J.: 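Sharing a structure here in structure tokens format.
A quick note: this is a predicted structure, and the numbers were derived from the prediction, not measured.
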Amino acid sequence: MALPRVVAFAPPDRRNALADALTSYDATVVSDADAARDALGADVRAVVCHADADDWERVVAAAHPIESFVLTDGTPSPGEVTDANATPVYAGDGWNWADALDAALPDADDANADYVQFIEEAPVSIVVTDTDGVVQRANAATARLFGYDDPAEIEGNSATTPVHPSDRDRARDRLQRVLDDRVSAPTTALTFQDFDDNPVRVLVASAPATLDGEPAARTILLPDESYETRRELAESREKIAAIHEVAVELEDATTVADVCERAVQAAADILDFDLSVIDSVRDGRFVVEYASEELPEDNLTHMPSDAGLLGTAYQAGETIVTNNVSESDDADPQGPYESALSVPMGDWGAFQVVAAEPGAFDESDAELAEILVSHAHVAVERIERQQELRERERAFSALHDATREMAKASTEREVLERSVEAAVETLDMPFAGVLRHDPDDRCLRPAVVTDRGQGIVGNHPPLKEGESLAYDAFTSGEPGVYNNLDTADGRANPDTPLGSELILPLGDFGVLIFSSPDPNSFDDVDVTAGRVLAENTTTVLDRVANEQEVAAERERLDEFASIVAHDLRNPLNTASGFLELARETGEDDPLERVAESLERMDSLIEDVLTLARQGTLAGDQTNVVLADAARDAWTVQPEKSGTLVTPDESFAVSADRERLVELLGNLFENARAHAGEDVTVTVGALPDGSGFFVADDGPGVPASKRGRVFDHGYSTSDTGTGFGLSIVESIAEAHGWRVDLTESESDGARFEFRGVTSAAPPEGE
């Protein structure tokens, strides 16, 4: 009797062991996949492949429908072997795989006992069916697969009885073909019913076999593990599709409340989340936006945004699945819940679903919840962005109208009052005010403050440089946004009951301040709108200041023209009168008076021309030794007498030398005009180093008249033009200096010039 033909494929290091196991067969054992394929033929009864051999799947595929066996130690898994249309034979440690293989191969001599052992000890479910389709052998793995305590409960029954009615006919046809045609049936998926009539999806592979010398069919049954995965994937796809339909609905939502309600309802309808809530975060606390009706009110508290499981997820920005709430250190113990799924929604808020039983949520739930929540988050951001844009548009439109009203103001006070009024009515800032800069005292003083603002800060003291947030913003020219004043360094008065503050510079004028007793009161819209109001206020203040300056200058010019006309008319009338007298008498004495009048007119014209050149009263400034400039000014009229006392040669100032000499010359002439030819004039540096002085020993100027001496045309001398000291003040102002008239040590006049930049003497002097 010829031995059954078997083709074996194994790697070189496994080839001998496999050959020894097949001595009872006509075996061709090779280590090359192509050689194994070439050895296949109609007389081959079985193919044996070792899983360590490369391309064993290709050999098995070429052998079909010849029954194939694969020796495996667990990798690949029995399921993977079955998927390749082969029968797995365990070849791991502690298992006599040679005997098992011998028992599994067809027509082996005296193989029945070993074959039964192979079935019983096989790691996979195996049943052997006789030609009537009745199960004759079933192993323990089969009993476990279908929920039976003993495989004997399966034996003696039709092999197709446990198959689900929907697949029963197909299963019967497959089995009958194996029994009648003695060919293998490739692996397929069928639905069975377990002991409790629950559906079980199983991968089935059947092949011809013998039992007690009679034809039979051997069927390997493996749980279709991928079926559940496929089923869950299909369900997930359905849920994802439903969630996307909700996303389309959310695009039509117009309020945050509407978005949250639809999202919570979708969580219940699509994901079966019956107890869920969406919270936003405001001022560091969770605020319930919408919750399932089944959630008790007692559980909907405004917790801090860093508390509980929800706070942990929100702060970390990660989804957290908690399957034993009572054992979690982060959990809030409120409510009889043992499972929680917490999903953050960016900085805006978070979503949470809870359940009474432990282990209620898995990773699939988390992924689907994240998809739903992400759509809700996008919708919320869109609505809030649109609201912000509408609010910004409304604010800017109102600011435009307020600026038009502000532009009608004619005084600085009116501008500031209308600016604060716009802050209250247009920007809804009831706690607003303006602090005006005082350049002399280098501080900010309250100018205009709302009643509610006054009620909070009371009598606001001046804010000194370096001692307040307001002065910092004023000097930097940049807005200061302080949404938590408790943590802000540099507050002038930490006891003021304010939570947040927005400080907006107004150029050189001061600052506009918005305040609130609550923290986090100012968002980006408030800051932007506030900056626009501050810039518009500054522009109008500049315009009013320029208009006032132009008006004052026009008034001075009108006064100046009147004075010039008057002072020129007097000597002109005098000259005309004496000229007429000279014509009548023929004498020369009246002509001398005419000449004197003409000289006076010439002096007036020179002074007027000097004042008319105010735009060029100070050109390029250099380091000028004050003593040299004083001597040059003194010797302009060398024929005149008097005494000049000059400062130390090392004292120099930054000035336009020509204009400085002119300034000193006018002061010297003023001194001679009032003190006489023997006057003593002293020029020196101020003790505090801030400038210099010019003093004389004349009669001085009474305190009551000192405020007028710099006015155009004002003079206490009959021969003076009244423009000399006005020219002095103009030259000083052109240099950025301030001039004050006081009393000298000898009770004469003392002119002090401050704001003067001291300098090193020029080289070589």
Side-chain angles (χ1 to χ4, degrees), residues 2-126 139 141 184 186-187 203 205-210 218 220 222:
L3 298 176
R5 283 268 292 128
V6 176
V7 174
F9 174 46
D13 60 335
R14 306 282 188 179
R15 180 176 175 179
N16 290 338
L18 186 55
D20 291 342
L22 298 174
T23 55
S24 299
Y25 301 89
D26 180 6
T28 301
V29 184
V30 297
S31 296
D32 181 77
D34 290 335
R37 289 161 57 91
D38 292 342
L40 297 174
D43 60 338
V44 175
R45 298 290 305 279
V47 174
V48 179
C49 294
H50 200 291
D52 288 348
D54 293 336
D55 286 344
W56 65 263
E57 297 98 330
R58 193 158 60 92
V59 174
V60 169
H64 185 73
I66 302 172
E67 186 170 9
S68 299
F69 299 85
V70 175
L71 304 178
T72 174
D73 60 0
T75 304
S77 69
E80 292 172 319
V81 173
T82 303
D83 287 343
N85 286 327
T87 300
V89 176
Y90 184 65
D93 294 338
W95 174 258
N96 190 342
W97 63 268
D99 290 345
L101 178 63
D102 187 44
L105 290 173
D107 295 333
D109 293 336
D110 196 22
N112 191 63
D114 292 335
Y115 188 43
V116 172
Q117 181 184 3
F118 164 73
I119 294 172
E120 291 177 350
E121 298 183 9
V124 297
S125 301
I126 298 179
N139 61 4
S184 298
T187 302
L203 295 175
S206 299
T210 57
R218 181 182 65 254
I220 297 177
L222 291 174

J.: Please determine which of V47, V44, V48 meets the side chain to side chain contact (heavy atoms under 4.5 Å, CB included) test together with V6.
T.: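 Considering V47, V44, V48, a side chain to side chain contact (heavy atoms under 4.5 Å, CB included) with V6 is found only for V48.
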J.: How close do S68 and N85 get, counting heavy atoms only, and between which atoms?
T.: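 Scanning both residues completely, I find the closest heavy atoms to be CB-O, 4.4 Å.
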J.: Given side-chain contact (heavy atoms from CB on, under 4.5 Å), test L18 with L71 step by step and report yes or no.
T.: CA-CA 10 Å; L18 186 55; L71 304 178; 3.9 Å; yes
J.: Can you find a pair of side-chain heavy atoms, one from I220 and one from P88, that are under 4.5 Å apart?
T.: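 Result yes, sub-4.5 Å side-chain heavy-atom pair found.
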J.: Restricting to non-hydrogen atoms, name the atom on A46 and the atom on F69 that form the minimum distance, rounded to 0.1 Å.
T.: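 Smallest heavy-atom distance, with atoms named: CB-CE1, 4.2 Å.
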J.: Heavy atoms only: give me the nearest V81-P76 pair and the separation to one decimal.
T.: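 In terms of heavy atoms, the two residues are closest at CG2-CG, 3.9 Å.
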J.: Keeping the roles fixed (side chain from S125, backbone from A141), state whether a donor-acceptor pair exists under 3.5 Å.
T.: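 Yes, S125 side chain to A141 backbone: donor-acceptor pair under 3.5 Å.
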J.: Looking at every heavy atom in both W56 and A51, which two are closest together, and how far apart are they?
T.: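 Taking every non-hydrogen atom into account, CD1-O, 3.6 Å.
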J.: Please list, one pair per line, the donor and acceptor atoms closer than 3.5 Å that link side chains of residues 27-34 to other protein atoms, with sequence neighbours excluded.
T.:
unit_1	atom_1	unit_2	atom_2	d
T28	OG1	R5	NH1	3.1
S31	OG	A10	O	2.9
D32	OD2	D34	N	3.1
D32	OD2	A35	N	3.0
D34	OD1	R58	NH1	3.3
D34	OD1	R58	NH2	3.3

J.: CG of D13 to NE2 of H50: how many Å apart, nearest 0.5 Å?
T.: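 Those atoms lie 8.0 Å apart.
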J.: Are more than 12 heavy atoms from other residues, nucleotides or ligands located less than 6.0 Å from atom CG of D54?
T.: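 Result for CG/D54: open.
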J.: How far does CG of D55 sit from CD of E57, to the nearest 0.5 angstrom?
T.: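 Reported to 0.5 Å precision, the distance equals 7.5 Å.
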